[in-house]
Amino acid sequence: MTSPSTYPNQDTPRHLVVMGVSGSGKSTLATALARRLSLPMAEADEFHPPQNIAKMSSQIPLTDEDRWPWLHALRDWMTSHAETGSIITCSALRRSYRDLLRTATGDVLFLHIDVQTPRLQERVAHRSGHFMPPALLDSQLATLEPLAADEPGIRLSNDSTVEQLIDDAVAWLSPSLPS
Ligand SMILES: Nc1ncnc2c1ncn2[C@@H]1O[C@H](COP(=O)(O)OP(=O)(O)OP(=O)(O)O)[C@@H](O)[C@H]1O
Ligand SMILES: O=C(O)[C@H](O)[C@@H](O)[C@H](O)[C@H](O)CO
């Protein structure tokens, strides 16, 4: 995984994509980072068409065909925030999905929150009021292709507290943040 310091031009807008399977803590980290870095934020779940939400709610995993229009919409949202940069949550499970998101205007960096499976199972089992059923976690994990060595991003272990995660993310980003 490449460091953001390989993008030394601080004038280039930077989009941060907080990625990972369901329940990994994307919304929690992205909300805190958006506040810390004063970046506009979007939640990928808000970009799903109703039929995708209905499918997942019925315990049917999304296919690539279900995901492409959704990923295009997210990519376009990032491009529309090219002047400021942005932060989004997005599962971004496959390399090909990330390749598409990387076509947004500006640099696109991925922060993958990696959580041990038993901890994930516990989290999704105990959360209420969310459309995503715990039964879909296995398919999320099976679909996940972790960041490859040539993909600009970082793997963050979410066995730590939210505060520690934020500090790790900010420390990793700091070479590229305006001083
Ligand atoms: N670092 C952490 N330590 C302990 N619990 C956490 C941590 N991060 C998030 N959580 C908890 O895990 C649950 C899932 O978090 P969150 O909603 O942020 O995940 P998510 O990846 O956005 O989920 P989804 O994609 O399914 O919407 C929440 O109950 C949240 O409070
Ligand atoms: O790519 C996908 O299968 C979806 O984005 C899912 O990951 C959920 O929308 C999200 O995780 C909410 O729980």
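Numbering of ligands and ligand atoms starts at 1, following listing order. Counting from 1, the numbers follow the sequence of the chain as shown.
- Proximity of Ile113 to ligand 1, defined as any heavy-atom pair under 4.0 Å, is not found for any part of the residue.
- The CH2 atom of Trp77 sits 8.5 Å away from atom NE2 of His15, with the distance rounded to the nearest 0.5 Å.
- In summary, of the residues considered (His112, Arg98, Met78), a side chain to side chain contact (heavy atoms under 4.5 Å, CB included) with Val17 occurs for Met78 alone.
- When all heavy atoms of Ser22 and Val124 are compared, the closest pair comes out as O-CG1, 3.9 Å.
- What sits closest to atom 14 (C) of ligand 1 on the protein, heavy atoms only, is Gly23 O, 3.7 Å.
- At least one heavy atom of Ser24 sits closer than 4.0 Å to an atom of ligand 1.
- Once rounded to the nearest 0.5 Å, the distance linking CD of Gln140 with OG of Ser24 reads 8.5 Å.
- Within a 4.0 Å radius of atom 26 (O) of ligand 1, the protein has at least one heavy atom.
- The minimum heavy-atom distance between Cys90 and Ala44, with the atom names listed, is CA-CB, 3.8 Å.
- Regarding atom 1 (N) of ligand 1, its nearest protein heavy-atom neighbour is Asn158 OD1, 2.5 Å.
- Applying the salt bridge (charged side-chain N to carboxylate O under 4.0 Å, His left out) test to pairs two or more places apart or on separate chains, those with a residue in residues 28-49 are Arg36-Asp167.
- Exactly one of Ile154, Leu101, Leu16 qualifies for a side chain to side chain contact (heavy atoms under 4.5 Å, CB included) with Phe110. That residue is Leu101.
- Atom 29 (O) of ligand 1 has its closest protein heavy atom at Arg127 CB, 4.8 Å.
- Judged by the shortest distance from any of its heavy atoms, Trp70 lies inside the 4.0 Å radius around the atoms of ligand 2.
- For atom 20 (P) of ligand 1, the closest heavy atom belonging to the protein is Lys26 N, 3.4 Å.
- Contacts between Arg123 and ligand 1 below 4.0 angstrom, taking non-hydrogen atoms only, involve the side chain exclusively.
- Using a 4.0 Å cutoff on heavy atoms, Val162 counts as a contact of ligand 1.
- Smallest separation of non-hydrogen atoms from Ile87 and Val18: CD1-CG2, 4.0 Å.
- For atom 6 (C) of ligand 2, the closest non-hydrogen atom on the protein side is Gln140 NE2, 3.5 Å.
- Between Asp76 and Thr79, the side chains place no donor N or O within less than 3.5 Å of an acceptor N or O (distance only, hydrogens not considered).
- Distances between N or O atoms of His48 and those of ligand 2 include at least one value under 3.5 Å.
- For ligand 1 and Ser22, the ligand atoms under 4.0 Å from any heavy atom of the residue are 25 (O), 26 (O).
- Looking only at protein heavy atoms, the nearest one to atom 12 (C) of ligand 2 is Asp45 OD2, 3.2 Å.
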Test log, rule salt bridge (charged side-chain N to carboxylate O under 4.0 Å, His left out), inputs Arg95 and Glu145: CA-CA 6 Å; Arg95 166 83 191 232; Glu145 296 168 0; over 6 Å; no

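- Of the protein's non-hydrogen atoms, Ser91 OG, 3.0 Å is the one closest to atom 5 (O) of ligand 2.
- Listed by number with element, the atoms of ligand 1 under 4.0 angstrom from any heavy atom of Asp45 are 27 (O).
- Near Arg67, the atoms of ligand 2 lying under 4.0 angstrom from a non-hydrogen atom of the residue are 1 (O), 2 (C), 3 (O).
- In terms of protein heavy-atom proximity, atom 19 (O) of ligand 1 is nearest to Gly25 N, 3.0 Å.
- For atom 7 (C) of ligand 1, a protein heavy-atom neighbour is present inside the 4.0 Å cut-off.
- For the residue pair Arg94 and Thr143, no side-chain donor N or O sits within less than 3.5 Å of a side-chain acceptor on the partner.
- Taking CH2 from Trp70 and CG from Leu62, the interatomic distance works out to 7.5 Å, rounded to the nearest 0.5 Å.
- Comparing Val115, Thr31, Leu156, Thr28 against atom 16 (P) of ligand 1, the shortest heavy-atom distance belongs to Thr28.
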